[in-house]
2 protein chains.
Amino acid sequence: MSPTTETLTAERILEATEEVLRRHGPAKATVVDVARALGVSHGSVYRHFRTKAALREAVTKRWLDRTSQALSGIAAEEGRGPEARLRDWFQGLFDAKRRKAGHDPELFATYSVLTDENGEVVGEHIDDLTAQLTRIVEAGVAAGAFTAADPAATARALFHATGRFHDPCHAREWERPGVQDEFDAVLDLLLRGLRP
Amino acid sequence: MSPTTETLTAERILEATEEVLRRHGPAKATVVDVARALGVSHGSVYRHFRTKAALREAVTKRWLDRTSQALSGIAAEEGRGPEARLRDWFQGLFDAKRRKAGHDPELFATYSVLTDENGEVVGEHIDDLTAQLTRIVEAGVAAGAFTAADPAATARALFHATGRFHDPCHAREWERPGVQDEFDAVLDLLLRGLRP
DNA sequence: CAAGTGACAGATATTGAAATCTGTCATTCG
DNA sequence: CGAATGACAGATTTCAATATCTGTCACTTG
C-alpha cells in the first residue's frame with residue numbers, strides 16, 4: 001500500500017506472466033521468471049495460483065476472452081442484413097487471426113502452445129463464439145433471411161466449416177495468395193445453404 | 001539375381017523404410033536402420049535416393065497415393081444420385097481417416113509427421129482429391145442437381161469446409177461422441193448450398 | 001495475522017562429451 | 001563396367017552429470 005510497493009494481485013501476476021511468455025516463449029517461461037519480473041519470491045506467486053498450469057490456463061483464458069470480446073461488437077450490430085452480419089463476423093474473425101499470426105508469429109506460436117495445453121478453456125471460448133454466431137443465425141431466421149431448424153447446431157456447423165480460416169493449426173496457410181478467395185468461396189456456399 | 005539374393009530396388013527400399021518407420025517412429029528411423037533391415041550398406045540406399053528427405057518423401061507419396069486410390073472408386077460410381085455420391089465420398093474419406101487414426105495412433109502420428117515435412121507432396125495429393133471431387137460436382141451440375149459456376153473452385157471450397165473431418169490436425173476430435181452428427185450437419189449445409 | 005519468504009525434495013531441463021548419423025567418394029567386387 | 005562397399009568429415013543425437021525449476025511449508029515480517 002506504500003507509494004513504491006504495489007500489492008501483489010492476480011492481475012499483476014497475469015500481466016507479468018504474459019510479458020515473460022512474450023520474452024522467453026512457452027517452453028522457457030518459468031514461475032521463477034515471473035516472480036523475478038515482479039521482484040517477489042516464487043512462493044508468493046503460488047499463493048495466487050495453485051500450479052504453474054493454473055497460471056498458464058488463466059493467461060490463456062484472458063487472451064481468448066479479449067479476442068471474443070472484440071468480435072461481440074459485430075455480432076450485436078443490428079443495423080445490417082443477416083447475411084452481411086454473418087459475413088462480417090467471420091471476416092472479422094479471420095482478419096483478427098491472420099493479423100496476429102502474421103504480425104508476431106512467435107507470440108502467436110506461444111499462444112498456440114498455450115491453447116493446445118488448455119483444451120477446456122478453448123472449449124469454453126468456442127462455446128462463446130458459437131453463442132455469438134447463434135444469435136446472428138437466430139436474427140436471420142426471425143427476419144426470414146435464413147432457414148435453420150436448430151440455430152445452435154447450425155452455428156456450430158458454420159464454425160466447423162470455416163475452421164480453416166480461424167483454427168491456429170491452419171495458420172501457415174493464411175499467408176498464401178488466394179486464401180481470401182477460398183474464404184469467400186466457402187462463405188458463399190454456406191450462405192447459399194442458409195437461405196430458405 | 002541368384003535365388004537367395006534379390007536385387008536392390010527402389011521398391012524394396014521403400015517397403016523396408018515403411019517397416020522401419022513403423023517400428024522406430026519418425027524421429028528415430030535412420031537410413032542406417034533401413035540399410036540394416038535390407039542387409040546392405042547405407043551407401044547402397046543413397047544410390048537410389050539422393051537424400052534421407054527424398055526417401056521419406058517417396059514413402060509419404062506412396063502412402064497418400066494408396067489412400068486416394070481407395071477413394072477414387074466412390075468418385076467413379078455412376079449409379080447413384082450426385083448428392084448421395086458426394087456424401088458417400090466424404091463419408092468414405094472421414095471413415096478412412098478416423099479408422100487409421102483410431103486403430104494405430106502411433107503409425108498415424110508417424111505419417112502426420114511425414115506429411116508435415118512434405119508439404120509439396122501433400123499439395124499434390126490434395127489436388128488429386130479435389131480433382132475427384134470436381135468430377136462429382138460436374139456430374140451433379142450436368143444432371144441438374146447442383147449449381148456451380150466453377151466446379152473446380154466449388155470442389156476446393158467443399159474440401160476446405162470439411163477439413164475438420166479429414167485434416168490430420170483435427171484427429172484428436174474424431175473420437176469425441178457427436179462428431180458424426182457434426183459431420184452430418186456440415187454436409188447438410190453444404191449440400192443445401194449446392195442445390196440450384 | 002495476513003502477506004510474503006526461502007530452504008527443501010523430487011521432477012525437469014541444460015549442457016557438453018561421446019556416439020551415431022548423413023552424405024560423399026575412392027575403392028572393391030562380381 | 002556397373003553395383004555395392006565402407007572409411008571419412010561434418011552434422012545431429014544421445015546420455016549422464018549438473019543445474020534449474022516446481023510445489024510445499026515452517027517460518028519471518030510489517
Side-chain angles (χ1 to χ4, degrees), chain A residues 1-61 106 109-110 113-114 116-118 121, chain B residues 1-61 106 109-110 113-114 116-118 121:
Chain A
M1 290 288 177
S2 84
T4 53
T5 308
E6 281 181 75
T7 57
L8 186 61
T9 63
E11 189 59 25
R12 282 189 64 219
I13 294 175
L14 288 176
E15 272 164 31
T17 307
E18 281 193 335
E19 182 56 23
V20 168
L21 280 164
R22 202 187 313 279
R23 281 182 134 73
H24 298 349
K28 300 210 274 184
T30 72
V31 176
V32 171
D33 288 331
V34 174
R36 225 189 333 258
L38 288 163
V40 300
S41 73
H42 73 281
S44 302
V45 174
Y46 279 98
R47 192 163 284 285
H48 294 264
F49 295 94
R50 240 193 279 96
T51 64
K52 180 190 186 181
L55 176 56
R56 288 165 79 106
E57 182 180 297
V59 169
T60 308
K61 186 163 163 41
E106 284 196 33
T110 292
V113 171
L114 288 180
D116 269 354
E117 64 191 32
N118 290 290
V121 171
Chain B
M1 290 289 178
S2 85
T4 54
T5 307
E6 283 181 74
T7 56
L8 186 61
T9 63
E11 189 59 25
R12 283 189 63 220
I13 294 175
L14 288 175
E15 271 163 30
T17 306
E18 282 193 335
E19 182 56 23
V20 168
L21 281 164
R22 188 174 279 112
R23 281 182 134 71
H24 298 349
K28 300 209 277 184
T30 72
V31 176
V32 171
D33 288 331
V34 173
R36 224 189 333 258
L38 288 163
V40 300
S41 74
H42 73 281
S44 302
V45 174
Y46 279 98
R47 187 163 289 284
H48 294 264
F49 295 94
R50 240 191 281 96
T51 64
K52 181 190 188 183
L55 176 56
R56 288 164 79 106
E57 183 181 297
V59 169
T60 308
K61 185 162 164 43
E106 284 196 34
T110 292
V113 170
L114 287 180
D116 268 354
E117 65 191 31
N118 290 291
V121 171

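All figures in this text were calculated on a predicted structure; none of them were measured in a lab.
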>> Nearest whole Å is fine: how far is C:dC25 C1' from B:Arg50 CZ?
In response: 17 Å
> Heavy atoms under 4.0 Å, any strand shown: does B:Val31 hit a base, just sugar-phosphate, or nothing?
Replying inline: sugar-phosphate
>> Tell me the interatomic distance from A:Lys28, atom NZ, to C:dT14, atom C1', rounded to whole angstroms.
In response: 10 Å
>> What is the separation between atom CZ on B:Phe49 and atom P on C:dT24, rounded to the nearest whole Å?
In response: 15 Å
>> I need the NZ-C1' distance between A:Lys52 and D:dG23, as an integer number of Å.
In response: 12 Å
> Starting at the 5' end of DNA chain C and moving along, which residue's nearest nucleotide shows up first, A:Ser41 or A:Ala27?
Replying inline: A:Ser41
>> Quick test of your reading of the model: are B:Glu19 and B:Arg22 salt-bridged, counting only N-O distances below 4.0 Å?
In response: yes
> Choosing from D:dA4, C:dT22, D:dT22, which nucleotide comes nearest the side chain of B:His48?
Replying inline: D:dA4
> Taking the side chain as C-beta and beyond, is there a heavy-atom pair between B:Thr17 and B:Val45 under 4.5 Å?
Replying inline: no
>> Taking atom types as they are modelled, would you say the side chain of A:His42 forms a donor-acceptor pair with the base of D:dG23 within the 3.5 Å cutoff?
In response: yes
>> Would you say that A:Glu106 contacts A:Thr110 through its side chain, given a criterion of any heavy-atom pair below 4.5 Å between the two side chains?
In response: no
> Nearest nucleotide by nearest heavy atom, which residue falls closer to the 5' end of DNA chain D, B:Gly39 or A:Ala29?
Replying inline: B:Gly39
> Which nucleotide in the list C:dG23, D:dA4, C:dC21 gets nearest to the side chain of B:Arg36?
Replying inline: C:dC21
> Which part of the nucleic acid, if any, lies within reach of B:Ser44 when heavy atoms closer than 4.0 Å are counted: base, sugar-phosphate only, or nothing?
Replying inline: base
>> Tell me if the side-chain of B:Arg47 makes a donor-acceptor pair with the base of D:dA4, cut-off 3.5 Å, by modelled atom types.
In response: yes
> Choosing from D:dG23, C:dT5, D:dT5, which nucleotide comes nearest the side chain of A:Thr51?
Replying inline: D:dG23
>> Distance check needed: D:dG30 P versus A:Leu8 CG, whole Å only.
In response: 17 Å
> Among D:dT5, D:dA4, C:dG23, which nucleotide sits nearest the side chain of B:Val40?
Replying inline: D:dT5
> For the pair made of CG in B:Leu38 and C1' in D:dA4, what is the distance, rounded to whole Å?
Replying inline: 13 Å
>> I need the CZ-P distance between A:Arg12 and C:dA3, as an integer number of Å.
In response: 15 Å
> Within this structure, what is the NE2-to-P distance between A:His24 and C:dT14, rounded to whole angstrom?
Replying inline: 12 Å
> Counting N and O atoms only, with roles assigned by atom type, does the side chain of B:Arg56 sit under 3.5 Å from a partner on the main chain of B:Asn118, one being a donor and the other an acceptor?
Replying inline: no
>> Among D:dT22, D:dA4, C:dT22, which nucleotide has an atom closest to any side-chain atom of B:Thr30?
In response: C:dT22
> Hey, is CD on B:Glu11 packed in by over 12 heavy atoms from elsewhere, all under 6.0 Å?
Replying inline: yes
